[in-house]
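The structure appears below as structure tokens.
Atoms considered below: every heavy atom in the structure, side chains included; atoms not considered: hydrogens, waters and symmetry mates. First listed ligand is number 1; within each ligand, the first listed atom is number 1. Remember, it's a predicted structure, so these values are computed and weren't measured experimentally. Numbers here simply count residues along the sequence, with the first being 1.
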Amino acid sequence: MDEVYDVAMQNVCKKFGDTVAVNNVSLDIRVDEFITLLGPSGCGKTTLLRMIAGFEIPDSGKILLDGVEVTRLPPYRRDVTTVFQQYALFPHLNVFQNVAFGLERRGVERSALNKRVAGALEMVRLEGLETRRPNELSGGQQQRVALARALVLEPKVLLLDEPLAALDLKLRKQMQYELKSLQKRLGISFIFVTHDQEEALTMSDRVVVMNAGNLEQVGVPQEIYERPHSEFVAGFIGDSNIIEGTVESSSADLSLIKISHATIPVQGNGVQAGQPVRVMIRPEKIRLSSHDRQGVLQGRIASAMYLGEATQWKVMLDGGQLLTVLEQNTASAQAMKTRVGQAVSLSWEADSAVLLRG
Ligand SMILES: Nc1ncnc2c1ncn2[C@@H]1O[C@H](COP(=O)(O)OP(=O)(O)OP(=O)(O)O)[C@@H](O)[C@H]1O
Ligand SMILES: [Mg+2]
């Protein structure tokens, strides 16, 4: 028997006039999975969610829920609920009534309804606030009412379109934690949309990076961060150094790349000797040591930026390129200042440098 997926998209396309919002997307989202759609504004995240929910019909391709095709079914025929960015609570209804609304419309009988609303409010820890109106709640509490309103319908899939965007940083962190543990407890798939790369990395089982309607890369957070396939993914998630070089040789899983006067080993293959390539290395993977030691590349510290727990150095390579290096602040502040202008060697673990494709 084929494995049953909670959500499957097969070659889904959606255009608005000349704008290709979603371009030939295929993606399987497993039962129990917390998956995040990440990408810049206008890349098609909301459109993708709206097609899963049934608010938009794809121009071509299929959408399946639990193995059953739903591509053209209306939203109310799908076991999916959505929490929108503007959580749009009914201002004239209290918390209980807001959460009960969807069940009333479905004609759920009173005692069952009371029980389910109480359960949903308990899940988001809003017991005791049943009779408050939305304008008597904090932003985070309102957000949790919106969540309870979706959860009370007991969906198989919960879609969350930037639900935390309006919250301040502290509340946002707290809600991230609550959402994640709620998802694990419920055991249903959450499809979560965010602009925020850190949020995507910390919350997700898998991250889907989108760019202009396309899926750029799909993977667990570590893969997305440590092994980006493209410059777009490397640049969108975290800081990265991109170094231009030429392939000297390539074998098995390792390639030797010539950069100005040095040759560095890099993870990745499928390239030919003489070919120009780009190599990515994260700022925190680079170690700086004094110039006389053996390093991979040589350079000079051009500037320092104090970030509290870490310092961000800009290092001018002998070849003329500027790299960013991030170091934890273990040395004294005074020792750090004196380093600007010094010659340094740069080194890293061989598997920290990644060959970019495309
Ligand atoms: N109803 C519509 N009519 C016309 N164009 C639309 C419509 N909905 C979306 N688009 C266009 O489709 C593209 C994708 O939009 P979408 O809302 O999916 O992006 P997004 O990734 O959710 O962006 P954001 O992060 O800003 O919310 C954009 O170019 C947008 O302008
Ligand atoms: Mg959107």
> Among all protein non-hydrogen atoms, which one is nearest to atom 16 (P) of ligand 1, and what is the separation to 0.1 Å?
Replying inline: Thr47 OG1, 3.5 Å
>> Distance under 4.0 Å to a non-hydrogen atom of Ala21: what atoms of ligand 1 satisfy this?
In response: 12 (O), 13 (C), 14 (C)
>> Could you check whether Gln328 and Glu309, counting side-chain N and O atoms only, form a donor-acceptor pair closer than 3.5 Å?
In response: no
> For atom 13 (C) of ligand 1, what's the nearest protein heavy atom and its distance?
Replying inline: Gly42 O, 3.6 Å
> Within less than 4.0 angstrom of ligand 1, does Lys14 place any heavy atom?
Replying inline: no
>> Give me the nearest non-hydrogen protein atom to atom 8 (N) of ligand 1 as residue plus atom name, then the distance to 0.1 Å.
In response: Phe16 CE1, 3.4 Å
> Under 3.5 Å, is there a donor-acceptor pair between the side chain of Gln183 and the main chain of Ile188?
Replying inline: yes
> What protein heavy atom sits nearest atom 17 (O) of ligand 1, and how far away is it?
Replying inline: Thr46 CB, 3.7 Å
> Any non-hydrogen protein atom below 4.0 Å of atom 31 (O) of ligand 1?
Replying inline: no
> Is there a donor-acceptor contact under 3.5 Å from the side chain of Gln321 to the main chain of Ile242?
Replying inline: yes
>> Report whether any nitrogen, oxygen or sulfur of Thr46 sits less than 2.8 Å from the Mg ion (ligand 2) (N, O or S, backbone or side chain).
In response: yes
>> One thing to verify: whether Arg125 and Glu178 come together as a salt bridge, which I'm taking to mean a side-chain N less than 4.0 angstrom from a carboxylate O.
In response: yes
>> What I want to find out is whether Arg172 reaches Glu199 closely enough, with some N-O distance under 4.0 Å, to be called a salt bridge.
In response: yes
> Picking from Leu215, Asp59, Asn214, Thr47, what satisfies side-chain contact (heavy atoms from CB on, under 4.5 Å) with Val22?
Replying inline: Thr47
>> Please list the nearest protein heavy atom to atom 26 (O) of ligand 1 with its residue and the distance rounded to 0.1 Å.
In response: Ser41 OG, 2.5 Å
> So is there a nitrogen or oxygen of Thr19 less than 3.5 Å from a nitrogen or oxygen in ligand 1?
Replying inline: no
>> Is Gly44 close enough to touch ligand 1? Criterion: a residue heavy atom under 4.0 Å from a ligand atom.
In response: yes
> Under 4.0 Å from ligand 1, counting heavy atoms only, is it the side chain of His195, its backbone, both or neither?
Replying inline: side chain
> What protein heavy atom sits nearest atom 25 (O) of ligand 1, and how far off is it?
Replying inline: Lys45 NZ, 2.7 Å
>> Looking only at side-chain N and O atoms, does Asn211 offer a donor or acceptor that is under 3.5 Å from a partner on Glu216?
In response: yes
>> Between Glu69 and Thr71, is the side chain to side chain donor-acceptor pair (under 3.5 Å) condition met? List the steps.
In response: CA-CA 6 Å; Glu69 185 174 351; Thr71 318; 2.7 Å; yes
> Is there a nitrogen or oxygen of Cys43 sitting under 3.5 Å from a nitrogen or oxygen of ligand 1?
Replying inline: yes
>> Applying salt bridge (charged side-chain N to carboxylate O under 4.0 Å, His left out) to Glu109 and Lys115, what does each step give before you reach the verdict?
In response: CA-CA 10 Å; Glu109 168 272 315; Lys115 228 167 129 186; over 6 Å; no
